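Heads up: the structure comes next, in structure tokens.
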4 protein chains.
Amino acid sequence: MSKVQKNKIKKESSLISSAFELFSTKGINETSISNIVHKAGVAKGTFYLYFKDKYDILNKIILNKSSNLLIESMNATKSKNFTNYEESVLFFIDYIIEYFNNNKFMLKLIYKNLSWGILKKASNEYEGIHEIYDFFMTLYKDSAINQQDVEKTLFIIIELVGSVCYSSIILNEPDNIDKMKPILFDTIKKII
Amino acid sequence: MSKVQKNKIKKESSLISSAFELFSTKGINETSISNIVHKAGVAKGTFYLYFKDKYDILNKIILNKSSNLLIESMNATKSKNFTNYEESVLFFIDYIIEYFNNNKFMLKLIYKNLSWGILKKASNEYEGIHEIYDFFMTLYKDSAINQQDVEKTLFIIIELVGSVCYSSIILNEPDNIDKMKPILFDTIKKII
Amino acid sequence: MSKVQKNKIKKESSLISSAFELFSTKGINETSISNIVHKAGVAKGTFYLYFKDKYDILNKIILNKSSNLLIESMNATKSKNFTNYEESVLFFIDYIIEYFNNNKFMLKLIYKNLSWGILKKASNEYEGIHEIYDFFMTLYKDSAINQQDVEKTLFIIIELVGSVCYSSIILNEPDNIDKMKPILFDTIKKII
Amino acid sequence: MSKVQKNKIKKESSLISSAFELFSTKGINETSISNIVHKAGVAKGTFYLYFKDKYDILNKIILNKSSNLLIESMNATKSKNFTNYEESVLFFIDYIIEYFNNNKFMLKLIYKNLSWGILKKASNEYEGIHEIYDFFMTLYKDSAINQQDVEKTLFIIIELVGSVCYSSIILNEPDNIDKMKPILFDTIKKII
DNA sequence: GATGAATGAGAATTCATTCAT
DNA sequence: AATGAATGAATTCTCATTCAT
């Protein structure tokens, strides 16, 4: 990789990490492109060489962070070599919950963006995402339920986890995450 | 009520309905206070007599609209005189889903703000909200499960419905609401 | 005095004292009529029944406060029955300085407004102000210097005291008031 | 100096001179940033590239103008090669008075801001200001009085001149500047 | 006399975007 | 490719003043 190429990547990732930190701490509406380039230590014009506008960099961040989280969770789950579906799903979910519990900023940022739409988009760009589908499908292969319903159920679970995490971790409503977890896991068990 | 008092209420509700329509159609970020007062036909300064800023009026709208929806759903459910809990819950949920299906703008606006936190705040201001708790608690009174867990389960169901509605009605992900409903209802049946 | 009359005076003085406190603490530019009426506990329209605008009430305050200060100083000086001019003047000056030293807010507020112009205006409205002239003129009556020059010298002294007080008490420049006093008094002695 | 640098200086000084003229003619409170940028022929945002707010540009103007005046007065005095202190001081003062007499706007603007505090701040930024101290100190070197008292006396004289000029030139109180000058000079002679 | 809701002009300030260097 | 000065439209918010009650 040439020096110029390296420099470009350095600038882009500097912009991304600066934007992420500002979005997390100040909020998206309150973060301006000026803020981002200042923190990143690059010129204003440079921003537009890499991103269209604030929402472009935001979407790229969300896609990147949530894909990484899902892939990480999947790999951790795989490495455990669970033999039944339920155990796998619960471990996968718990991994995500704990991540959010330790990264409240990220939960705030990607809250309501960890959705099917994002996942589908991501699967084009991030190798590894489609593996997640495959993984869960495999686990379910002996079931009588058809594939499409498995997908929808998986979707419902992910939506549920996101909502409950946000409400309990960020707002402590209706209770903190440790109190909610048993009920949530119980609910998931009932679902699958 | 004096002429002045009547006029005040007229101005405030004019601002609220104008803001709601603009938020729904243009989006929140794209709606300015100038837009709102222009549509409401009042002077700019008048806005600040009633609301602190854009987010103040937004929160008041969300609180008001979601409270009304819940109370309406509850009343509709009550009038059916169901004898078992499951039927009641499903009817209640279906009422909400159909409302969202017919009022996509409102779904967008109060997207995932139909939450426990909102409900708690609302129960101070909107008489009728705490009736919802009471209603569901009564239905469950014969169950062995303790009250707090009933509350949490109810919370989980409401969160789930909000998320699934948004994703399926607005984004058509992973499928449209009619395809999602059976799975969603099946899931809820499993939960309760 | 009728109840109505009493009420009017109460409102006016409430406005004056509120304005004085706000001007002193927040500064003149940063004080609005809204602030004043809010603090005074009267309606906005009421302000305009008593004063033309912010600068009207400000001028009235300055006139009132500085006249009172001068009359107070003069009376205190008179009561000492000094037999020579120098002692009288220095006591008079010292009284003013100490007042400012203990009322920094007032020094800030009336700074540069304790001038001949104000005094002249005041002498029409505040009985007692012209006594100050008379008092100093009497003290100087045996001098060979003509009356007009006495007046100008007195003016110069007052201007000097005002400037030095502001600079030393508020800004501590070039030194604090206790360090400046000997030099200031020495200077005044040389002048008279 | 690059083209860009030249252009920056042109814009900044255009803003400064526009602001000065507006402050002088309309008054500070009545001058808005809109007025300034319009007169300067630059965009509104440009103002904020150079100054924090109206008071920032005002302070910079006062600092600049009063420093220049003092340096100019000093140089004029130096060029006369006076041999005694009194003559020097009186010439220096007279130069300032005449300047104010011919530039009433500037007198109004920097009214009583021609003070020690300003001088001290200025001496960091404007080379030549500390020369004024040195110059007067040198003249006084044979005197028995200690340096600090010379400084304070100089301060008192400058404060006095500022106050008297404002009152007599702007307000004609207690008399016009020509009538006041003999008394003022007489007073200064007594002081030194 | 007193009130305070309403006004709307206008002030301050921000910010995405451009473009000459 | 990178810069950052400049833009000016847009936005928020304030506030003196009025006037119907």
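Just so it is clear: chains get the letters A, B, ... in the order the sequence lines come, proteins before strands, and each one is counted from 1. Just so you know, these numbers use all the heavy atoms, side chains as well, and skip hydrogens, waters and symmetry mates. None of the values given here were measured: they were computed from a predicted structure.
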Q. Contact class for A/Tyr50 (heavy atom, under 4.0 Å): base, sugar-phosphate, or nothing?
A. sugar-phosphate
Q: Would you mind classifying the nucleic acid contact of B/Val42 as base, sugar-phosphate or nothing, using non-hydrogen atoms under 4.0 angstrom?
A: sugar-phosphate
Q) Side-chain donor-acceptor pair under 3.5 Å between B/Lys44 and B/Ser34, yes or no? A) yes
Q | Closest nucleotide among E/dG4, E/dG10, E/dA2 to the B/Lys44 side chain | A | E/dG10
Q. Between A/Lys54 (NZ) and E/dC15 (P), how many Å, whole number?
A. 8 Å
Q. Between C/Gly41 and D/Ser32, which is nearer to the 5' end of DNA chain E once each is assigned its nearest nucleotide?
A. C/Gly41
Q: Check the distance between E/dA11's P and D/Asn35's CG and give it to me in whole angstrom.
A: 6 Å
Q) What nucleic acid atoms does B/Leu49 come within less than 4.0 Å of, heavy atoms only: base, sugar-phosphate, or nothing? A) base
Q: Specify the separation, in whole Å, of atom CG of C/Asn29 and atom C1' of E/dA11.
A: 13 Å
Q. So does D/Asn7 get a side-chain nitrogen or oxygen closer than 4.0 Å to the phosphate oxygens (OP1/OP2) of F/dA5?
A. no
Q) Roughly how many Å is it from NZ in C/Lys52 to P in F/dT17, rounded to a whole number? A) 7 Å
Q: Work out which heavy atom in D/Lys54 is nearest to a heavy atom in D/Asn29; give both atom names and the distance.
A: NZ-O, 3.7 Å
Q.
If you assign each of C/Glu30 and D/Gln5 to its closest nucleotide in DNA chain F, which residue comes earlier from the 5' end?
A. D/Gln5
(Q) Any base atoms under 4.0 Å from A/Phe47, or only sugar-phosphate, or nothing? Heavy atoms, all strands. (A) nothing
Q: Consider the side chain of C/Lys11, meaning its heavy atoms from C-beta on, and name the nucleotide among F/dC13, E/dT3, E/dA16 that approaches it most closely.
A: E/dT3
Q.
If you compare all heavy atoms of B/Ser18 against all heavy atoms of B/Lys39, which two are closest, and at what distance to 0.1 Å?
A. OG-C, 3.7 Å
**Q.** Full working for side-chain contact (heavy atoms from CB on, under 4.5 Å) between A/Thr25 and A/Phe105
**A.** CA-CA 7 Å; A/Thr25 48; A/Phe105 284 154; 3.9 Å; yes
Q | Closest-nucleotide ordering on DNA chain E, the 5'-leading residue of D/Asp53 and A/Ser34 | A | D/Asp53
Q.
As a quick check of understanding, evaluate side-chain contact (heavy atoms from CB on, under 4.5 Å) for B/Lys8 and B/Tyr50, giving each step before the final call.
A. CA-CA 9 Å; B/Lys8 278 178 69 173; B/Tyr50 295 97; 3.3 Å; yes
(Q) Using whole Å, what does the distance between atom P of nucleotide E/dT18 and atom CD1 of A/Ile33 come to? (A) 11 Å
Q: Report the distance from atom CG of B/Leu22 to atom P of F/dT11, rounded to the nearest whole Å.
A: 12 Å
**Q.** Protein-nucleotide distance (D/Phe51, atom CZ; E/dA12, atom C1'), rounded to Å
**A.** 16 Å
Q: Return the value, rounded to whole Å, for the distance between atom OH of D/Tyr48 and atom P of F/dG8.
A: 16 Å
**Q.** Contact under 4.0 Å: D/Thr46 side-chain N or O vs F/dA6 OP1/OP2
**A.** no
Q) Want to settle it: does B/Val4 or D/Val4 sit nearer the 5' end of DNA chain F, counting the closest nucleotide to each? A) D/Val4
